[in-house]
Amino acid sequence: MKKIGPTVREIRKIKGLTSLEVYSGIISKSFASRFENGINEIGSEKLFMVLDNLSMSADEFRFIQNDYHQSISQELRHRLDAAYDVHNLQEMGKIINENKNSSQPSFRSIAVTGQILLDAYHSKDFVVTSAMNDLWNKLFQSKTWTIQEIKDASILLPIAASKNELSMIPKIVNRFENNCQNYILSNNDPFHITDALMGMYLSLIQIQLNIDNPYAAKKLLAKVTSVNRYNLTWNGRLSEQVIIAIWNLYFGNPQKANKIINTLKDLEELYSPTIDHNLLAILKVRQKLSEKYRHEQKSD
């Protein structure tokens, strides 16, 4: 395994910093020399202090330490997400089949996530496999979710619907929200967790509509509009607007919904080929189903 010290030395020299500026008050000059030459190692607490002096996050350091590459599991997850965004179902199937029996838990978890996304794409409910149940149990047995678990936890919603454990949905949402608050600061969101929260709400409104619970779907808008928009990236803002459009299609002003949808279409048409098929595909389905819902409401 590549030593940490030589990478720190490389970064320090690139930044034009002296050993004194980086290590003062943390380790001695002689120890720093041995550390940078790969002879000595330092504990995590001191490494974090060194990284602070280098103005560098642990994630960025890990990226450089790995010869300017993501970890294999990060690259695999990126491949899966990219394939899902453009509806490349063949690529998704390949990733799933290649990793579902992997000896690496992270690879198996990505394969299960991909299988859920693939199954949910074809149908609003699906057969829950033993691997999906394993992921379900793992997330619920974990007392606190880390960032990756938060990002994965939205898939609990379609699992709950497919298992017909609808009473679990409010519990999943409550746990998701509570874990997100651990990472969202009063005036900052350093890990873009608000985006994950908005993504969960987008899944939730669709699940609630799919299971014929319009009352819960209608109440969701209050949560969406209470989120601090300044914490959202463009991805989160797009998800927010899709939720607002869906809500208006069913419960509010269809003209407002269509205005939002047309704006999103115009935005997507700035890119060719289209980068993200999902948002517009969701809206296309909801435009059709919302007409049926409104017609049924008028008939009652």
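Values in this document were obtained by computation on a predicted structure and should not be read as measured data. If you read the sequence from its start, that first residue is 1, and numbering goes on from there.
- Clustering ILVMFWY residues whenever any of their side-chain heavy atoms sit less than 4.5 angstrom apart, transitively, puts L157 in a cluster other than the one holding Y84.
- Of all non-hydrogen atoms in M168 and A160, the two that sit nearest each other are CB-CB, 4.5 Å.
- In this structure the side chain of L202 reaches within 4.5 angstrom of the side chain of V242, judged on heavy atoms.
- Using a 4.5 Å cut-off on side-chain heavy atoms (C-beta onward), F61 and I4 make contact.
- Hydrophobic clustering of Ile, Leu, Val, Met, Phe, Trp and Tyr side chains at less than 4.5 Å, counting indirect connections, unites L166 with I155.
- Put simply, OG on S290 and OH on Y250 are 5.5 Å apart, with the number rounded to the nearest 0.5 Å.
- Residues Q208 and K218 form no side-chain contact, since every pair of their non-hydrogen atoms from C-beta on lies 4.5 Å or further apart.
- Minimum heavy-atom separation, A245 to A257: O-CB, 3.3 Å.
- Cluster membership for W136 and F176, using ILVMFWY side-chain heavy atoms within less than 4.5 angstrom, is shared.
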| field | I282/I246 under side-chain contact (heavy atoms from CB on, under 4.5 Å): CA gap, chis, key distance, verdict | value | CA-CA 9 Å; I282 289 169; I246 292 172; 3.9 Å; yes
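- Using a 4.0 Å cut-off between a side-chain N of Lys or Arg and a carboxylate O of Asp or Glu, D134 and K138 do not qualify as a salt bridge.
- For CZ of R34, the number of neighbouring non-hydrogen atoms (other residues, nucleotides, ligands) closer than 6.0 Å is greater than 12.
- V285 and L118 fall into different hydrophobic clusters, where Ile, Leu, Val, Met, Phe, Trp and Tyr are joined by side-chain heavy atoms under 4.5 Å apart, directly or via other members.
- Side-chain contact between R294 and P254 is present, with heavy atoms from C-beta onward closer than 4.5 Å.
- Judged by distance alone, the side chains of S71 and Q74 do bring a donor and an acceptor atom under 3.5 Å apart.
- Counting only heavy atoms from C-beta outward, the side chains of K29 and Y23 never approach each other to under 4.5 Å.
- In terms of heavy atoms, S106 sits closest to S73 at OG-CB, 3.7 Å.
- Using a 4.5 Å heavy-atom threshold, the side chains of F251 and P214 count as touching.
- A single hydrophobic cluster is not seen to contain both L117 and I172; linkage of ILVMFWY side chains at heavy-atom distances under 4.5 Å, directly or through other members, places them apart.
- Listed by chain and number, the residues in a side chain to side chain donor-acceptor pair (under 3.5 Å) with N101 amount to none (sequence neighbours excluded).
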| task | Go through E91 and R79 one step at a time and tell me if the side-chain contact (heavy atoms from CB on, under 4.5 Å) criterion holds. | result | CA-CA 8 Å; E91 174 69 4; R79 277 179 57 203; 2.8 Å; yes
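- The backbone N or O of K2 lies less than 3.5 Å from a partner atom in the side chain of Q65, making a donor-acceptor pair.
- N99 places no side-chain N or O within 3.5 Å of a backbone atom of A111 that could act as its donor or acceptor partner.
- Rounding to the nearest 0.5 Å gives a distance of 9.0 Å between CG of N228 and CG of N187.
- A side-chain donor from one of E21 and T18 sits under 3.5 Å from a side-chain acceptor of the other.
- With a 6.0 Å cutoff to the six-membered ring centre and a 45° limit on the axis angle, K256 does not count as a cation-pi contact of W247.
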| said: Show, in sequence, the C-alpha distance, side-chain angles and deciding distance for N66 and Q70, and conclude whether the side chain to side chain donor-acceptor pair (under 3.5 Å) test is met. | reply: CA-CA 7 Å; N66 197 35; Q70 291 179 302; over 6 Å; no
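- Atom CZ of F140 sits in a crowded spot, with more than 12 heavy atoms from other residues, nucleotides or ligands closer than 6.0 Å.
- Using a 4.5 Å cut-off on side-chain heavy atoms (C-beta onward), Y293 and L249 make no contact.
- Looking at N37, its side chain never comes within 3.5 Å of a backbone N or O of I39 through a donor-acceptor pair.
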| message | Go through it in stages, so that I can follow the logic: the residues are L238 and L267, the test is side-chain contact (heavy atoms from CB on, under 4.5 Å), and I'd like the CA-CA distance, side-chain angles, deciding distance and then a yes or no. | response | CA-CA 10 Å; L238 290 173; L267 179 62; 3.5 Å; yes
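- S226 places a side-chain N or O within donor-acceptor distance of the main-chain N or O of K223, the cut-off being under 3.5 Å.
- Between I116 atom CD1 and D152 atom CG the span is 9.0 Å, to the nearest 0.5 Å.
- No donor-acceptor pair under 3.5 Å is formed between the side chain of E98 and the backbone N or O of I95.
- Distance alone, capped at 3.5 Å, places no donor-acceptor pair between the N88 side chain and the A83 backbone.
- With hydrogens and angles ignored, the 3.5 Å screen pairs a side-chain donor or acceptor of R12 with a backbone N or O of L17.
- Within a 6.0 Å radius of CD1 in I72, other residues, nucleotides and ligands contribute 12 heavy atoms or fewer.
- Of the possible donor and acceptor atoms, none in the side chain of N174 sits under 3.5 Å from a partner among the backbone N and O of P170.
- For H69 (side chain) and D67 (main-chain N/O), a donor-acceptor pair under 3.5 Å exists by modelled atom type.
- Closest heavy-atom contact between C180 and I150: SG-CG2, 3.9 Å.
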| field | Test side-chain contact (heavy atoms from CB on, under 4.5 Å) applied to R237 and M198, step by step | value | CA-CA 8 Å; R237 292 174 184 175; M198 196 61 69; over 6 Å; no
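- In this structure, L139 and A153 approach most closely via the heavy-atom pair CD1-CA, 4.2 Å.
- Between atom CE of residue M132 and atom CG of residue L156 there is a gap of 12.0 Å, rounded to the nearest 0.5 Å.
- Considering only heavy atoms from C-beta on, H87 comes within 4.5 Å of N278 through its side chain.
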| query | Hey, mind stepping through Y201 and E177 against side chain to side chain donor-acceptor pair (under 3.5 Å) and telling me if it holds? | reply | CA-CA 10 Å; Y201 286 151; E177 291 170 334; 2.6 Å; yes
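- Remark: the backbone N or O of T146 is paired with a side-chain donor or acceptor of E149 at under 3.5 angstrom.
- With values rounded to the nearest 0.5 angstrom, D266 atom CG is found 12.0 Å from I261 atom CD1.
- What you find for A161 and I207 is that their closest heavy atoms are CB-CG2, 4.3 Å.
- Distance check: N235 CG to D195 CG gives 6.0 Å after rounding to the nearest 0.5 Å.
- Contacts of S123 classified as side-chain contact (heavy atoms from CB on, under 4.5 Å), with partners at least two apart in sequence or in another chain: D125.
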